[in-house]
Amino acid sequence: MNGPSVEPCDFTVFGGTGDLALRKLLPALYLRDRDGQLPDEFRIIGVSRAEVDDEGYRALVKDALVEHVAAEELDPTITERLLGRLLHVTLDVEDVTAWHSLHDRLKDGAAGEEVIRVFYLAVAPALFGPICEHLDQLGLATDRSRVVLEKPIGTDLASAETINEAVGRVFDESHIFRIDHYLGKESVQNLLVTRFANTFLEPLWNSHWVDHVQITVSESLGVGDRGSYYDRSGALRDMVQNHLLQLLCLVAMEPPTYVDRETVRDEKLKVLQALRPMTPELLERDAVAGQYAAGLCSGAAAPSYADEIGHESHTETFVALKTEVQNWRWAGVPFYLRTGKRMSERVSEIVVVFKEPPHAMFPHSEGATEPNRLHIRVQPDDGMRLHMTAKEPGPGGIRLRPVSLDLSYAAAFGGRSPDAYERLLMDVVRGNTTLFMRRDEVEAAWAWVAPILDHWARPTHRPRRYPAGTNGPVAAVTLLERDGRSWQETE
Ligand code: BG6
């Protein structure tokens, strides 16, 4: 898991004391440091409004590492080395006069002007534009600077365009890293490899052989303390516009010529542009919004969404959609997407369901025949399972039985599977944008969800209730049953 060391860098995190920084970014940097990828001249500068000095920040980060890095991965010497890289700058980014403190700290680094500067914006998207402007005015946005934008990039197409314009006035597109952490997951990258480094799937990967595709990202947790953000966002903006559509792109895209930054993103963009537009008629039929009511999760009582956030709301915590990629390869193949909070379990899976054999050769055999299915498990226990039909051993006729070929990546490769952020943060320092979303991709995804957002913003719209700990509202089941299909629940 060791990669080559990256170049000297000042890695600045706006929102440096926030949840994302403490839970994900700093643990990821610790693990990269542990594996020898950070050179001596790699500083991490936390920027926040918190009145803490460097020592106070180090103490905060130390606690976060203990909480969020597995005990067997934590080494006291490396922890001290990482803490020694940390600085904190107290800054209210809206206070123009306060910015000199950040400027001064960045200018006094040992690596000088040649240092790579990363500005990671783990703050509200409304601040992306103003922060970039300040960086520009202070001369900190140079050819060796990169800016990282955490999702959500806006709340709709218009706000995303405004943000992209503002950031684009300062940084060239090749220096803008729009993060979708699903693209950093090992299993998601492996989807590209499975499809394009093997030959056996490609001839089958089209409407001739594929009956339909299901993409599920279910979570067992509720919204927790993110209620104020989530209630303004909802599952469509929080998960579908980015993570689920990115998974769909990787399943449906054409083989890119190379795995490089532009060709992969070009192919994903074509998929987004080929998605069947959601008309009001289709929305009534093919889109389901849900919200969890009180229920039982893992044997314990779980509150309703309204109780969790403290007021009634019409925000959806569950989405199920049927769509189609309208191109030569996929015409007529439904893609069913589903995501929700407080569902029965945490699992992300893509299931490709193949067509029935064209001719029933074993009409009188006992036992079930089922269509072939390829389950691509994104998390947890990433791997792949191919469901097939086999003959049950024994004389006296032919009895068919479903069996599966299982590939578990943990069993095949052993070791720890790195967190998505570890890979993505190093790609930022290296300047590799392949696994980040390009402006046109983000905007195409917003354009596709726009009619759904509008439809669900109507005052009469009500998400359907589902008990916490279940797999969503009944309407999501009906969405497939109507087509003679059913969701492939995990076994
Ligand atoms: C984030 C969403 O982008 O992804 C969260 O904002 C969600 O609401 C999370 O819980 C899921 O990520 P993962 O990696 O745990 O599947």
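One-based numbering along the sequence shown. What you see is a predicted model, and the numbers here were worked out from it, not measured in a lab. Every number for a ligand or one of its atoms is a count from 1 in the order of the listing.
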We want to know whether E73 and Y30 form a side-chain donor-acceptor pair, criterion being a heavy-atom distance below 3.5 angstrom.
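Side-chain D/A pair, E73 to Y30: absent.
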
Indicate whether any N or O donor in one side chain lies under 3.5 Å from an N or O acceptor in the other, for D238 and S233.
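Not at all, the side chains of D238 and S233 share no donor-acceptor pair under 3.5 Å.
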
Could you list all the side-chain hydrogen bond (donor to acceptor under 3.5 Å, both in side chains) pairs where at least one residue sits in residues 443-458, not counting sequence neighbours?
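For residues 443-458, and leaving out neighbouring residues, the side-chain hydrogen bond (donor to acceptor under 3.5 Å, both in side chains) pairs sorted by first residue read N164-E443, E284-H455, R439-E443, H455-R458.
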
Which heavy-atom pair separates Y57 from G16 by the least distance, and what is that distance?
OH-O, 2.7 Å

Every residue of the protein that comes under 4.0 Å of ligand 1, judged on heavy atoms
K151, H181, Y182, K185, E219, R226, D238, M239, H243, K341, R346, Q379

For atom CZ of R464, is the number of surrounding heavy atoms from other residues, nucleotides or ligands below 6.0 Å larger than 12?
no

Flag yes if more than 12 heavy atoms outside R49 fall under 6.0 Å of its CZ atom; otherwise flag no.
no

